[in-house]
Amino acid sequence: MVKVVLWGALTHATQGRAELDLEVANVRQLLLALAKAYPALKPQLDKGVSVAIDGQIFRDDWFAPIPNGAEVFVLPKLAGG
């Protein structure tokens with residue numbers, strides 16, 4: 001089980017719910033679980049999000065593992081420069 005925190009505007013699609021506990025093993029499973037639980041969140045997930053796992057940010061790394069007990073933040077996609 002991992003603690004997932006949705007950040008910023010993402011909570012608009014979850015009726016303001018910002019923290020979730022999910023049983024997922026990688027980023028792909030996380031995003032699929034979020035889209036299933038909150039269909040209104042799917043458009044934002046499709047546009048792209050950044051995922052921070054225990055403080056390390058992952059972008060477009062679908063199979064990055066999420067260890068059991070990890071703290072995960074899902075943020076609107078961070079632009080690089």
Side-chain angles (χ1 to χ4, degrees):
M1 188 75 62
V2 297
K3 177 183 174 185
V4 178
V5 178
L6 300 175
W7 195 258
L10 297 177
T11 60
H12 293 304
T14 61
Q15 298 81 39
R17 187 159 184 211
E19 293 188 13
L20 312 161
D21 290 316
L22 297 173
E23 193 70 42
V24 295
N26 59 43
V27 171
R28 181 176 186 273
Q29 290 179 4
L30 167 67
L31 298 178
L32 290 173
L34 288 172
K36 183 177 180 181
Y38 299 99
L41 189 56
K42 189 171 182 342
Q44 182 64 43
L45 297 173
D46 289 345
K47 282 177 36 180
V49 292
S50 295
V51 177
I53 303 169
D54 290 333
Q56 183 177 354
I57 295 177
F58 294 85
R59 293 186 307 175
D60 303 322
D61 190 354
W62 284 79
F63 298 102
I66 301 176
N68 196 25
E71 185 172 65
V72 178
F73 285 80
V74 181
L75 310 100
K77 189 129 188 165
L78 302 174

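Placement of F58 and V4 within a single hydrophobic cluster is found when ILVMFWY residues are connected by side-chain heavy-atom separations under 4.5 Å, directly or transitively.
Of the inter-residue distances, the one linking Y38 atom OH with L20 atom CG reads 4.5 Å to the nearest 0.5 angstrom. Between L45 atom CG and L10 atom CG the span is 7.0 Å, to the nearest 0.5 Å. In this structure, CD1 in I66 is found 11.0 Å from CD in E23, a value given to the nearest 0.5 Å. The CZ atom of F73 sits 12.5 Å away from the CD1 atom of I53 when rounded to the nearest 0.5 Å. The distance from the CG atom of L34 to the CG atom of L22 is 6.0 Å, given to the nearest 0.5 Å.
Note on residues 32-43: pairs passing salt bridge (charged side-chain N to carboxylate O under 4.0 Å, His left out), not counting sequence neighbours, are K42-D46. Listed by first then second residue, pairs satisfying salt bridge (charged side-chain N to carboxylate O under 4.0 Å, His left out) with a partner in residues 13-22 read K3-E19, not counting sequence neighbours.
Here the closest heavy-atom approach between residue N26 and residue W62 is recorded as OD1-O, 3.7 Å. Nearest heavy atom pair, residue S50 against residue K77, reads OG-CA, 3.7 Å. Residues V24 and A33 come closest through the heavy atom pair CG1-CB, 4.2 Å.
Side chains of V74 and L30 form a contact here, defined as non-hydrogen atoms less than 4.5 Å apart.
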